[in-house]
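Everything below concerns the one structure shown next.
Every number for a ligand or one of its atoms is a count from 1 in the order of the listing.
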Amino acid sequence: MIPQVPERPYRSVLYIPGANERALQKAATLPCDAIIFDLEDAVAPDEKPRARALVADMLRSVDYGNRARIVRINALETEWGRADCLAFAGASIEAILVPKVSRPDHIEAVAQLVADVPLWAMMETAVVAWHAANIAAHPRLAGIVVGTNDLAKDIGARYRPDRMPLLTAMSLCLLAGKAYGRVVIDGVYNAFKDDVGLRAECDQGRDMGFDGKTLIHPAQIAVANEVFAPTDAELVLARAQIAAYEEAERAGKGVAVVDGKIVEKLHVVAAERIIARAALLGDRV
Ligand code: COA
Ligand code: MG
């Protein structure tokens, strides 16, 4: 069975521009589950080499605690991509995030340069939807970020709060990731002062099955942490379902009923995953 619970929590995945030293320092104190040290679109072309060196230095000198460390490199097609790969090839980090992955060979090319670090793929182009399953199947791939801003740009979609124009592509990427047991993270919510809109988008992503949300500002962390954690009600129900099913099994039955709804083995598996996700959080807020 495909394990659909990540090895660690990824509820809140905060981007930090790789050239911003103050933000790189501050991230070590923020309650996010993961940090993306960005060398790509948040860094101006003139700043690329400085950002690469700064991020490498910060990763060596700053203790980021239990936050997962992910470095987003520039695409290999750019003049910076190869040097980015080589700078982090042996780094002690959770993943290298490869932008604008449209075909499996984009991952393979980075895998050839980076022997030991797990790879994540940004899925954010119109064409990626057709190749998502083959990319997700790559043995070095551990995670996917659905880049909704680039995706909207590529499609020519307009922003809508319900993200209807993006849902087909988002779902294909999500399905591909889930089919291979990868971590799958939702795109960013641009209006970083709008908590109500952020919460609605987090709810939508959580409902769809995303493991967490990428964020652009520290003020977004609390909402993502809350929405992507199992709720107390979900945990109570999960425990009740497991207990009821065990009771039914003892009575020689394969089906139980909780709150007027049937509980089969598949519901028990889903309930166990909710409990496992809660256990991952430990004493995190
Ligand atoms: N990570 C860590 N710290 C951040 C941060 C981030 N992404 N964004 C802001 N901060 C810090 C600021 O450094 C500031 O810290 P200070 O109070 O210690 O000086 C504090 O949070 C408040 O910042 P604020 O003034 O509200 O934001 P801003 O106007 O300086 O910046 C953005 C707003 C959107 C430009 C900034 O949040 C940002 O660059 N976000 C990331 C963008 C990005 O990475 N995009 C690529 C992927 S889509
Ligand atoms: Mg992008």
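Contacts between A27 and ligand 1, counted as non-hydrogen atom pairs separated by less than 4.0 Å, are absent for every part of the residue. Residue contacts with ligand 1, taken as heavy atom pairs separated by less than 4.0 Å, involve L14 solely via side-chain atoms from C-beta onward. Residue contacts with ligand 1 for K193 are absent, since no atom lies close enough (heavy atoms, distance under 4.0 Å).
Ranking the protein heavy atoms by distance from atom 18 (O) of ligand 1 puts R22 NH2, 3.0 Å first. Protein heavy atom in closest approach to atom 29 (O) of ligand 1: F192 CZ, 4.9 Å. Closest protein heavy atom to atom 12 (C) of ligand 1: K26 CD, 4.4 Å. Scanning the protein for heavy atoms near atom 5 (C) of ligand 1, the closest one is P218 CD, 3.4 Å. Taking atom 6 (C) of ligand 1 as the reference point, the nearest protein heavy-atom neighbour is Y15 O, 3.6 Å. Among protein heavy atoms, atom 45 (N) of ligand 1 sits closest to A42 CB, 3.7 Å. For atom 40 (N) of ligand 1, the nearest protein heavy atom (residue, atom name, distance) is I216 O, 2.8 Å. Ranking the protein heavy atoms by distance from atom 25 (O) of ligand 1 puts H217 NE2, 4.9 Å first.
The protein reaches atom 15 (O) of ligand 1 closely, with a heavy atom under 4.0 angstrom from it. In this structure, atom 43 (C) of ligand 1 is in close contact with the protein, since a protein heavy atom lies within 4.0 Å of it. Of the protein's heavy atoms, none falls inside 4.0 Å of atom 32 (C) of ligand 1. The nearest protein heavy atom to atom 10 (N) of ligand 1 is closer than 4.0 Å.
Using a 4.0 Å cut-off between charged side-chain N and carboxylate O, D57 and R50 make no salt bridge. Using a 4.0 Å cut-off between charged nitrogen and carboxylate oxygen, R277 and D211 count as a salt-bridge pair. We find that D203 and K213 are not joined by a salt bridge, their nearest charged nitrogen and carboxylate oxygen being 4.0 Å or further apart. Between R8 and D33, no side-chain nitrogen of the basic residue sits less than 4.0 Å from a carboxylate oxygen of the acidic one, so the salt-bridge criterion is not met. A salt bridge links K153 to D150: at least one charged side-chain nitrogen sits closer than 4.0 Å to a carboxylate oxygen.
Between the side chain of T78 and the backbone N or O of N74, no donor-acceptor pair lies under 3.5 Å. At distances below 3.5 Å, not a single donor-acceptor pair connects side-chain atoms of E249 with backbone N or O atoms of G254.
Just one residue in the list M123, R182, H106, E108 forms a side chain to side chain contact (heavy atoms under 4.5 Å, CB included) with I135, and that residue is M123.
Within the protein, the N, O or S atoms lying under 2.8 Å from the Mg ion (ligand 2) are E124 OE1, D150 OD2.
Each of the atoms 46 (C) of ligand 1 lies under 4.0 Å from some heavy atom of D38. Applying the 4.0 Å criterion to heavy atoms of I16 picks out, from ligand 1, the atoms 1 (N). Distances below 4.0 Å separate heavy atoms of R72 from the following atoms of ligand 1: 46 (C), 47 (C).
From F228, atom CZ reaches atom OG of S12 across 10.0 Å, with rounding to the nearest 0.5 Å. The distance from the OG1 atom of T148 to the CG atom of D186 is 6.0 Å, given to the nearest 0.5 Å.
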Inset, instruction - Show your working on salt bridge (Lys or Arg N to Asp or Glu O under 4.0 Å) between K261 and D259 and close with a plain yes or no. - result: CA-CA 6 Å; K261 300 189 191 90; D259 294 346; 5.6 Å; no
Inset, instruction - Apply side chain to side chain donor-acceptor pair (under 3.5 Å) to the pair N190 and Y159, showing each step before the final yes or no. - result: CA-CA 10 Å; N190 295 330; Y159 171 74; over 6 Å; no
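Using cut-offs of 30° and 60° for the angle between ring planes, the Y64 and F37 rings count as perpendicular.
Note on residues 64-86: pairs passing salt bridge (Lys or Arg N to Asp or Glu O under 4.0 Å), not counting sequence neighbours, are D38-R72, E40-R72, R52-D84, R69-E94.
Donor-acceptor pairing under 3.5 Å is lacking for the side chains of D154 and T125.
Not a single heavy atom of E40 sits closer than 4.0 Å to an atom of ligand 1.
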